[in-house]
Student: 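Quick one: this structure, given as structure tokens, is what I'll be asking you about.
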Amino acid sequence: MKIAVAGTGYVGLITGVCLAEMGYDVVCSDIREEKVLLLQSGCAPIFEPGLDSMLKRNLDAGRLLFTTDPELAYKNAELIFIAVGTPENPDGTANLDHVYEAAYTIGLCIDKDSIICTKSTVPVGTNERIKEIIRSVKPAHLEIQTVSTPEFLREGNAMYDFFYGDRIIIGTESEEAAKIVEQVFLPLKIPLIKTDTRSAEMIKYASNAFLATKISFINEIAAICDKVGANIEEVAFGIGKDRRIGPQFLQAGIGYGGSCFPKDTKALVQIAGNVEHQFELLEAVIKINIRQQLLAVQKAKELFGSLEGLRVAVLGLSFKPDTDDIREAASITILKALLAEGASVIAYDPVAISNARRVFGDEIEFTADIQTAISGAELSLIATEWDHIKYLPLEKYVQLMANPVIIDGRNCYSLKDVSKYPITYISIGRSALHPEQAQQHTRPGPNMKGRYDETITSILSD
Ligand code: UGA
């Protein structure tokens, strides 16, 4: 069976490479020539553990092709996955231009009956529109069916999630198409759920919205823990033991980021609004997350007074570990706020520096060496829980910082371990350690308060 994949972004590339690994003949198409050339040479344009070797193996085996030629991709294909981006419109709705362009091109190029599966995250009703577009341009004698197959893989764990995911959703009104898609994924032995198209589209948004809700919920509990002297880790462990709640996604911190939760939560609020339902719960989740992303800077201000001229090491730039993706990362919000406060910033990340440099240029210093970052820093602010950060011996902060202060936005260290060192340690939803040791920062400079407040207002209204 020949399978084609439209789009070599995160979802498209992982889908193409993993389907080839399963033994299928796969052609991935993308309109960006540069990217296709890179992929043809065996290099992945994204950092994803395990991707490079699987990509090379399947290219060498001749099961995987990359092309900018849509005819080469879609001719003779029985199954075509649409996996192009659905970025956010200024009003929060999902932009479907790329999806509809892909559908149109597929309609023009197919030369046999085919099944079109949509993996892109799309609002309810989009698959029906995809079917209409393809039908309006395809050769009249050909039959096509559409299937909604939403994707649930996590960046950084994408290959694992493809092969060991919790479920595969097959949403279609065509029993025949459902059977064929089922056969394709059957070897993975992942539970397959067959449903109607609209429910499948909704399952994707509802899943991401629920996970985001869990995160904002635990962050609210952490805020209260801070005030009443409880420990959020003990609380999360205690509630997570209830099987109805579950232990996952209860890690309090400086909020969720990435290319999915922020975008999909806003899109679902819009989808609800379009049918005159105000999704108040999800609106609150979004609002809490914005506040959470700014929490570390707020804590720094409480501790130091002014941040003007303060040497701050921001540890971690990617929106989570094991990825170089900085889209909607808490670190970006933090860096903007620190710069607005007049801090002097050095940022550490093992893989995301080039992406961050594109946003900040030389406004901040970058280093891929964590010890260089914290050397001489007056504050180390942890934004991402990379292993390189978690396993940095605490002595290093004592050796390399004159008066060590850590604001840990991801609760990387245990309070017991930190308490053995003369470190001022502020984390999320847990008691502060040695806050009295931090020195108020009274270096003279212009009063930045106005600028900071302006920046916060602009970040909040973005
Ligand atoms: C998320 C979903 O987990 C995937 O199932 C989905 O396929 C994907 O979006 C998508 O729609 O494409 P991803 O964005 O890769 O995956 O990242 P997650 O691991 O879900 O983390 C998202 C954010 O939540 C990160 O910033 C992470 O730091 C934060 N998070 C996660 C917390 O703050 N606390 C937690 O307990 C868990």
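Keep in mind the model is a prediction, meaning the values are calculated, not measured. Both ligands and their constituent atoms are indexed starting at 1 by order of listing.
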Student: Please say whether more than 12 non-hydrogen atoms of neighbouring residues, nucleotides or ligands are located less than 6.0 Å from CE in Met401.
Tutor: yes

Student: Within the supplied structure, the quantity of interest is the number of heavy atoms (other residues, nucleotides, ligands) at a distance under 6.0 Å from Phe217 CZ; does it exceed 12?
Tutor: no

Student: Closest heavy-atom contact between Ala177 and Gln145?
Tutor: CB-CB, 3.8 Å

Student: Short question: side chain of Thr384, backbone of Ser318 - any donor-acceptor pair under 3.5 Å?
Tutor: yes

Student: As a test of reading the model: which residues have a non-hydrogen atom less than 4.0 Å away from ligand 1?
Tutor: Glu151, Phe152, Leu153, Arg154, Glu155, Lys204, Asn208, Ile215, Phe249, Leu250, Gln251, Gly255, Tyr256, Gly257, Cys260, Phe261, Asp264, Phe319, Lys320, Arg410

Student: List in chain and number order the residues that pass side chain to side chain contact (heavy atoms under 4.5 Å, CB included) with Phe210, two or more places apart in sequence or in another chain; answer none if no residue qualifies.
Tutor: Lys214

Student: So, the side chain of Asp30 versus the backbone of Val36: is there a donor-acceptor pair under 3.5 Å, distance only?
Tutor: no

